[in-house]
Amino acid sequence: MSSADLHTTRRARDLEALQREVVDVLVIGGGVTGAGIALDAATRGLSVALVEAEDLAFGTSRWSSRLAHGGLRYLAHGDVAVAWESAVERGHLMQHIAPHLIRPLPHVMPFYEDSARRDRLLVPVGLQAADAMRALARTPRGTLGRPRHLSASQALEMAPGLRAEGLQAATLHWDGQLIDDARLVIAVARTAAAYGARIITRARAQSVAGDSVSLKTPEGDMTVRARQVIVAAGIWTGELDPDTPLALSRGSHVLLDPEAVGRPRAAVTVPVPGELGRYVFALPTADGPVIAGITDVDAPSKPVTLDVAPDDDIAWILERLSPALARPITASDVVGSYAGFRPLAVDPNRDTTDGGAPADISRRHRVVRRSDGVITVTGGKLTTYRRMAQDALDASQLPGSCRTATLPLIGAQPRRTPVPAGVPSRLARRYGAEATRVVSYAESDPVLLEPVAPGAGVLGVEVVHGLLCEGATTVADVMERRTRLSTIPAYAVARDRVAEIVEAHR
Ligand SMILES: Cc1cc2nc3c(=O)[nH]c(=O)nc-3n(C[C@H](O)[C@H](O)[C@H](O)COP(=O)(O)OP(=O)(O)OC[C@H]3O[C@@H](n4cnc5c(N)ncnc54)[C@H](O)[C@@H]3O)c2cc1C
């Protein structure tokens, strides 16, 4: 057992301690932002508790495009500060924090006879500017390669599903891709736990004051006292802090059979006609479907969760991606979909949301300190979670300084570390240095090294690890967040096997 492990015995101990002690920092929200704050605070030497209403990565943090990106899009919008922050944080993530969870992904942007002249001229300039930021952020070339021009045949070699007819040339650039966004959240939270943070899921904050939070948990209601309360509740922020302005935008993705897009080695990025700095993309994943996206649609301010992307969003993505492909994508190529909501920070002094598209609202984050001392963090991105956490803690009056820029997460190891004998490469990609431990659960039960459903890839040992070490307690925790089986309806057949393992190891 490791000090990073989250399990029921630890929960009982932590809940009991929280009835007695006054913690330095109480964080509300177990998405990437809240987990990042818990880790930052714990590594400053502060006592910390994080409370999450449902499960780690329950909210927006599991519905991203899984890119640790340098912010090319923000450059196109002239948001240089956000692009710079993204480039710096991407570098920290890929070099030090989670090199095991993030791989460099090449992106090919094709240009056809009818591509807009503006895109042909501006995209290469933007790529050079983004690469200059990479260099200034000290992310080595060995991590993210040089952007360059590709001939039509070179582009087709990297992305064979591209439409060859009319293809004139392409650009190539590199960005970071997460193996799984929810896995990043879990790794951040467990690393915080290793530094002593009390990570309590299924604990809903009902009301918030400057020095305390009232909680509803399955074990009963309780009040936790804290020197600093920080709200990182994403799209639910308004339920705890109605005065913090927030705009919600829906982003949908479609999951495609890789064959439908020619099993690309590179992401295909296509400018959206008529919109500056907006793209649709198809991202190959290491061992799953191709992720195509993304919409940016104004959403009602009342938080909701969706099981699948709306039909209109799916159609919007397919219509814009298909013209760049040899064979237009049809419904039969779609193996799943998902939608998430961006919690966009609205700065009353800078943003006017009236009539503006959500795509135009900056992706910067905001840290606001209320008169009673509660700090609320909104906006930002998965890529910049660490900086958001640093800014939130710096806004408190607590002692200590930030240490997280080069702090490796649990499982972190250099990218090209050889996979140990007997360890499936899938596990090395997901668990890094912990993969050997994950395999070891099968020593007494070799069947656990088999997939939980045909074709699904997920192995029984991953379910066991989720239960013993990653805070999963239910079949849904495993299907939806420790593995991502639930995003592909065909893998619903795995549920019985997952339930069997949950029953045996809970
Ligand atoms: C479609 C889409 C694609 C994106 N793609 C990318 C990308 O590729 N790269 C990137 O960098 N960023 C991306 N983002 C942005 C990124 O995903 C979000 O900025 C980030 O995940 C927000 O994390 P969060 O922790 O602030 O919110 P959340 O992940 O939503 O976490 C908030 C948590 O608070 C909990 N909570 C709410 N109320 C309470 C309460 N009362 N008590 C206790 N807990 C509570 C919730 O259950 C939830 O788990 C994308 C966003 C979307 C929507």
Side-chain angles (χ1 to χ4, degrees), residues 26-38 49-71 73-74 82 85-86 89-90 93 102 105 175-178 181-182 184-185 188-189 199-208 213-217 224 229-241 246 248-254 267 281 283 291 293-297 299 303 305-306 309 313 317 337-345 358-359 363-366 376-389 392 481:
L26 179 67
V27 188
I28 300 170
V32 74
T33 310
I37 295 167
L50 177 151
V51 293
E52 160 56 50
E54 305 282 350
D55 182 24
L56 292 171
F58 177 80
T60 305
S61 298
R62 68 179 150 133
W63 300 130
S64 79
S65 310
R66 306 184 184 179
L67 292 173
H69 55 99
R73 230 197 103 220
Y74 313 121
V82 173
E85 192 172 80
S86 300
E89 293 303 323
R90 176 188 61 184
L93 279 163
I102 304 174
L105 181 70
D175 235 326
Q177 184 190 40
L178 281 152
D181 42 14
L184 176 69
V185 179
V188 177
I199 307 289
I200 318 275
T201 56
R202 286 169 179 118
R204 179 176 295 279
Q206 293 184 291
S207 64
V208 177
V213 172
S214 66
L215 287 184
K216 191 173 192 57
T217 74
V224 179
V229 174
I230 305 184
V231 177
I235 59 172
W236 295 272
T237 298
E239 292 175 1
L240 297 168
D241 183 3
L246 200 66
L248 268 46
S249 143
R250 188 179 69 236
S252 296
H253 291 93
V254 183
F281 48 73
L283 308 166
I291 301 178
I294 185 178
T295 59
D296 202 336
V297 182
T305 47
L306 293 177
D313 286 15
I317 295 165
S337 70
Y338 60 83
F341 292 84
R342 302 175 184 86
L344 302 175
R363 268 41 174 173
R364 69 179 164 265
H365 61 270
R366 274 188 94 214
T376 301
V377 195
T378 51
K381 303 194 304 291
L382 208 73
T383 311
T384 56
Y385 81 87
R386 192 209 64 81
R387 182 65 208 212
M388 295 168 72
R481 292 166 289 272

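In listed order, ligands and their atoms are each counted from 1.
Of all the heavy atoms in H253 and S65, the pair that sits closest is NE2-OG, 2.7 Å. Nearest heavy-atom pair, A267 versus L283, reported as atom, atom and distance to 0.1 Å: CB-CD2, 3.6 Å. In terms of heavy-atom proximity, A309 sits nearest to S337 at N-OG, 3.0 Å.
Residue contact annotation: E239 has no non-hydrogen atom under 4.0 Å from ligand 1. Under a 4.0 angstrom heavy-atom cut-off, A339 registers as lying outside contact with ligand 1. Heavy-atom separations between H253 and ligand 1 include at least one value shorter than 4.0 Å.
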*Verdict with supporting geometry, W63 and D181, side chain to side chain contact (heavy atoms under 4.5 Å, CB included)*: CA-CA 8 Å; W63 300 130; D181 42 14; 5.7 Å; no
*Would you check, one step at a time, whether the test side chain to side chain contact (heavy atoms under 4.5 Å, CB included) holds for R90 with D175?*
CA-CA 9 Å; R90 176 188 61 184; D175 235 326; 2.7 Å; yes
_Go through it in stages, so that I can follow the logic: the residues are V32 and V185, the test is side chain to side chain contact (heavy atoms under 4.5 Å, CB included), and I'd like the CA-CA distance, side-chain angles, deciding distance and then a yes or no._
CA-CA 5 Å; V32 74; V185 179; 3.9 Å; yes
_side chain to side chain contact (heavy atoms under 4.5 Å, CB included) for L382 and L178? Distances and angles first, verdict last._
CA-CA 10 Å; L382 208 73; L178 281 152; 3.3 Å; yes
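Here is the list of ligand 1 atoms found below 4.0 Å of a heavy atom in I294: 1 (C), 2 (C), 3 (C). Shown in contact with G251 at under 4.0 Å from a heavy atom are these atoms of ligand 1, numbered in order with element: 1 (C). Residue R66 has at least one heavy-atom neighbour below 4.0 Å for each of these atoms of ligand 1: 8 (O). Within ligand 1, the atoms closer than 4.0 Å to a non-hydrogen atom of G340 are 53 (C), numbered from 1 in the order shown. Shown in contact with G380 at under 4.0 Å from a heavy atom are these atoms of ligand 1, numbered in order with element: 19 (O). Set against the non-hydrogen atoms of R204, the atoms of ligand 1 under 4.0 Å away are 41 (N), 42 (N). Interface atoms of ligand 1 facing G59, defined by a heavy-atom separation under 4.0 Å, are 29 (O), 30 (O), 48 (C), 49 (O). Close contacts between ligand 1 and A232 involve ligand atoms 32 (C), 34 (O) [criterion: under 4.0 Å to a heavy atom].
In this structure, atom 51 (C) of ligand 1 lies nearest to the protein heavy atom R342 CG, 3.8 Å. Protein heavy atom nearest atom 42 (N) of ligand 1, with residue, atom name and distance: A205 N, 2.9 Å. Among all non-hydrogen protein atoms, the one lying nearest atom 26 (O) of ligand 1 is T33 OG1, 2.8 Å. Given atom 39 (C) of ligand 1, the protein heavy atom at minimum distance is A53 CB, 4.0 Å. Scanning the protein for heavy atoms near atom 16 (C) of ligand 1, the closest one is L382 N, 3.6 Å. Given atom 18 (C) of ligand 1, the protein heavy atom at minimum distance is T60 CG2, 4.0 Å. Given atom 14 (N) of ligand 1, the protein heavy atom at minimum distance is S64 CB, 4.0 Å. Of the protein's non-hydrogen atoms, the one nearest atom 8 (O) of ligand 1 is L67 N, 3.1 Å.
Here R363 pairs with D296 in a salt bridge; the nearest charged N to carboxylate O distance falls below 4.0 Å.
Contacts between A203 and ligand 1 below 4.0 angstrom, taking non-hydrogen atoms only, involve the backbone exclusively. Residue R62 does not touch ligand 1, judged by heavy-atom distances below 4.0 Å. At a heavy-atom cutoff of 4.0 Å, ligand 1 is contacted by the side chain of I28 but not by its backbone. No part of Y385 comes within 4.0 Å of ligand 1, judged by heavy-atom distances. Using a 4.0 Å cut-off between heavy atoms, V185 makes no contact with ligand 1 at all.
Of the options I28, L50, V188, V27, a side-chain contact (heavy atoms from CB on, under 4.5 Å) to I37 is made by V27 and by none of the others.
In this structure, of G31, G234, S61, the residue bringing a heavy atom nearest to atom 22 (C) of ligand 1 is S61.
If you take CD1 on I235 and OG1 on T305, they are separated by 7.5 Å, rounding to the nearest 0.5 Å. One finds the CG atom of L215 at 6.5 Å from the CG atom of L26 (value rounded to the nearest 0.5 Å). Atom CD of residue E54 and atom CH2 of residue W236 lie 8.0 Å apart, to the nearest 0.5 angstrom. Separating the CZ atom in R66 from the OG1 atom in T383 is a distance of 14.0 Å, to the nearest 0.5 Å.
Side-chain contact between T217 and R202 is absent, with no heavy atoms from C-beta onward closer than 4.5 Å. A 4.5 Å side-chain heavy-atom check between V82 and K381 finds at least one atom pair inside the cut-off.
Here's the thing with E52: one of its N/O atoms is less than 3.5 angstrom from an N/O atom of ligand 1.
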